[in-house]
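Lettering follows sequence order; numbering is per chain, from 1.
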Amino acid sequence: MISEIVNKSMSSSSSQQHQFRYTQTPSKVLHLRNLPWECTDDELVHLCNPFGNIVNTKCNVGANRNQAFVEFADLNQAISMVSYYASSSDPAQVRGKTVYIQYSNRHEIVNNKSPGDIPGNVLLVTIEGVEAGDVSIDVIHLVFSAFGFVHKIATFEKTAGFQALIQYTDSDTAASARNALDGRSIPRYLLPEHVGSCHLRISYSAHRDLNIKFQSNRSRDYTNPMLPVNHTAIDGALQPVIGPDGKKKEPESNVLLASIENMQYAVTVDVLHTVFSSFGTVQKIAIFEKNGQTQALIQYPDVTTAAAAREALEGHCIYDGGYCKLHLTYSRHTDLNVKAFSDKSRDYTLPDLSLLATQVPPTGWQNPQSTPMYPVSSPAFQAQVPGGQMPSWDPNQQAFRPSYVPTPDNFPGQTYRGPPIPAYASAAMPAGASSPHAQRNPNVHNASSMGITQHGVPPNVNFQPSGPSPPVPGSSPHMQTNPMAGAAPQGHRPYYG
DNA sequence: AGCACA
């Protein structure tokens with residue numbers, strides 16, 4: 001007995017713990033633990049209200065969501081509750097669980113509720129890591145119907161990403177869906193193959209009743225089957241097409257979505273422009289991060305060009321050695337809204353005054369099949385694109401780039417490990433000739449010797465558009481013909497697991 | 001059963 005006490009006092013030698021255990025100064029904020037994880041604010045209020053006015057609560061706190069804080073208007077009210085249960089024979093309970101109450105070590109509940117935490121019958125769901133086209137409204141409906149009747153769904157795209165408003169009958173249903181799905185992932189088999197993980201972030205919407213005008217591919221009202229159908233939205237070019245194999249195919253688009261795997265090297269707007277310009281005029285480029293993976297949207301003037309680029313580049317690596325492997329799909333977008341000139345985006349369609357003075361008139365891409373799809377010699381690859389194609393903005397023409405100052409530091413030293421040889425002429429370069437080790441000498445930074453002062457072309461651009469000739473197997477050690485081939489088995493993860 | 005969160 002005595003030794004126990006001694007041990008305890010010794011083990012709790014830290015002043016923190018000591019204070020915790022013995023000198024809890026009263027606070028009008030109470031800390032409640034051992035709550036059921038389903039505990040609601042209402043239940044907290046119900047429990048604490050008899051002792052005073054509750055001005056704030058914070059529920060479902062902690063890793064197990066089994067703690068809470070309650071703030072009384074007055075310190076004496078908190079004291080009365082603590083002392084009541086300190087001497088009471090029957091303990092405080094929520095849903096039959098004994099709740100342990102003590103003074104919090106803080107004196108107010110701060111930031112109790114962001115708007116999204118105020119319960120309601122409408123959920124705001126952010127689907128991370130996907131584009132709007134990746135998750136159909138039917139999939140969303142399926143997933144969220146598991147918790148109750150879904151009245152309405154409206155989807156939209158915001159800066160936060162692809163979002164959906166899900167309307168349930170009541171906030172209890174909404175809460176159960178939120179509790180079950182927040183942070184979880186939509187099962188892989190319900191998603192297109194190129195989608196990696198896609199986590200749901202769920203908060204409450206302030207909406208009570210969504211105003212759905214049409215049944216369309218972006219909104220549904222399941223309570224009103226008579227609602228007019230927006231056929232253009234449903235049947236339009238954006239509607240997924242079922243391929244001959246019965247699998248969903250994304251509709252073609254003039255905008256490609258590139259997911260870049262194995263991003264060993266920075267992939268800049270310039271690099272992408274270089275790569276994708278081999279197939280036609282690149283109008284706009286936007287680079288962004290989705291779930292830690294770099295993606296880019298590349299806009300061509302027409303679907304045909306985009307299709308040619310996709311066909312040729314799919315599965316290929318920008319850099320030798322399996323680095324920066326491209327996975328291309330069609331985007332839902334048809335016209336990107338990008339900053340004209342930033343490090344993550346470019347709009348090549350805008351007139352550049354400094355360019356117009358000296359610019360060669362742009363010539364449209366004529367026949368991608370009849371000419372080599374990529375320049376044959378590396379240094380001035382940009383200028384040598386056959387067909388007279390001249391982008392309205394040429395990264396190699398420094399004189400025409402008033403606001404663009406190359407910053408070599410953009411390449412972290414440890415990744416910029418070699419001469420920026422845009423070995424774009426894969427045909428002229430035997431597979432394996434460019435061994436990664438030979439090329440990535442950390443001491444070689446002879447960018448300018450290549451005639452390419454633009455920093456955006458990292459080492460050894462050993463790009464191998466297939467075009468007329470098939471890809472060379474084994475040219476990149478890590479290259480898989482089908483990038484998804486190895487991923488399929490583990491793609492099936494347990495439902496919401 | 002043991003202190004949140006931007």
Side-chain angles (χ1 to χ4, degrees), chain A residues 4-49 51-120 123-126 128 158-161 163 175 178-179 182-184 199-206:
Chain A
E4 257 190 323
I5 292 171
V6 171
N7 281 339
K8 284 217 169 179
S9 63
M10 282 174 67
S11 68
S12 60
S13 55
S14 97
S15 64
Q16 271 273 329
Q17 262 184 13
H18 189 262
Q19 186 185 30
F20 218 63
R21 218 172 263 278
Y22 304 109
T23 61
Q24 287 193 330
T25 52
S27 162
K28 55 186 166 56
V29 179
L30 299 184
H31 177 221
L32 292 79
R33 18 182 251 256
N34 200 35
L35 289 159
W37 69 277
E38 307 96 324
C39 181
T40 64
D41 288 288
D42 284 349
E43 287 170 308
L44 282 184
V45 170
H46 194 257
L47 177 70
C48 305
N49 224 358
F51 301 93
N53 301 325
I54 292 139
V55 298
N56 221 339
T57 61
K58 194 174 185 70
C59 207
N60 305 123
V61 160
N64 300 324
R65 310 185 106 193
N66 58 0
Q67 299 171 48
F69 297 91
V70 172
E71 180 177 341
F72 283 98
D74 186 79
L75 177 65
N76 290 325
Q77 298 168 345
I79 293 174
S80 74
M81 181 164 183
V82 169
S83 36
Y84 174 85
Y85 282 112
S87 57
S88 168
S89 53
D90 42 26
Q93 288 190 333
V94 170
R95 300 193 189 202
K97 279 190 81 175
T98 296
V99 177
Y100 300 87
I101 303 169
Q102 60 190 157
Y103 299 113
S104 172
N105 51 20
R106 303 198 200 175
H107 290 88
E108 63 177 345
I109 295 178
V110 292
N111 196 22
N112 177 46
K113 281 183 177 55
S114 62
D117 285 333
I118 299 164
L123 295 178
L124 172 62
V125 179
T126 303
E128 298 176 340
K158 282 279 180 64
T159 44
Q163 295 189 308
R178 187 183 112 113
N179 288 335
D182 192 16
R184 303 298 184 94
H199 290 113
L200 303 171
R201 293 285 164 231
I202 305 179
S203 59
Y204 294 105
S205 164

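- The aromatic rings of A:Phe69 and A:His31 lie parallel to each other, their planes meeting at an angle below 30°, with 60° marking the opposite boundary.
- Heavy atoms from other residues, nucleotides or ligands lying under 6.0 Å from NE2 of A:His107 number more than 12.
- In this structure, A:Ile101 places its CD1 atom 15 Å from C1' of B:dC3, rounding to the nearest Å.
- For A:Asn64 and B:dA4, the CG to C1' distance is 14 Å, given to the nearest whole Å.
- Taking atom CG on A:Asn34 and atom P on B:dG2, their separation rounds to 8 Å, with Å as the unit.
- B:dC5 atom P lies 10 Å from atom CG of A:Asp117, rounded to whole Å.
- Across the protein-nucleic acid pair, A:Asn105 atom CG and B:dG2 atom P stand 14 Å apart, rounded to whole Å.
- The residue A:Glu71 sits apart from the nucleic acid: no heavy atom pair falls under 4.0 Å.
- Between A:Met81 and A:Ile101, the closest heavy-atom pair is CE-CD1, 3.5 Å.
- Here A:Phe69 lies parallel enough and close enough to stack on the base of B:dA4, with planes under 30° and ring centres under 5.5 Å apart.
- Counted by atom type alone, A:Glu128 and A:His199 present zero donor-acceptor pairs between their side chains at under 3.5 Å.
- Taking for each of A:His107 and A:Lys97 the nucleotide of DNA chain B with the nearest heavy atom, the 5'-most of the two is the partner of A:Lys97.
- Summarising the geometry, the separation between OH on A:Tyr100 and P on B:dC3 is reported as 15 Å, rounded to the nearest angstrom.
- If you take CD of A:Glu108 and P of B:dA6, they are 17 Å apart, rounded to a whole angstrom.
- Distance from the side chain of A:Asn66 is smallest for B:dG2 among the nucleotides B:dG2, B:dC3, B:dA4.
- A:Arg65 places its CZ atom 14 Å from the C1' atom of B:dC5, with the value rounded to the nearest Å.
- The A:Gln67 side chain lies nearest to B:dG2 when the options are B:dG2, B:dC5, B:dA4.
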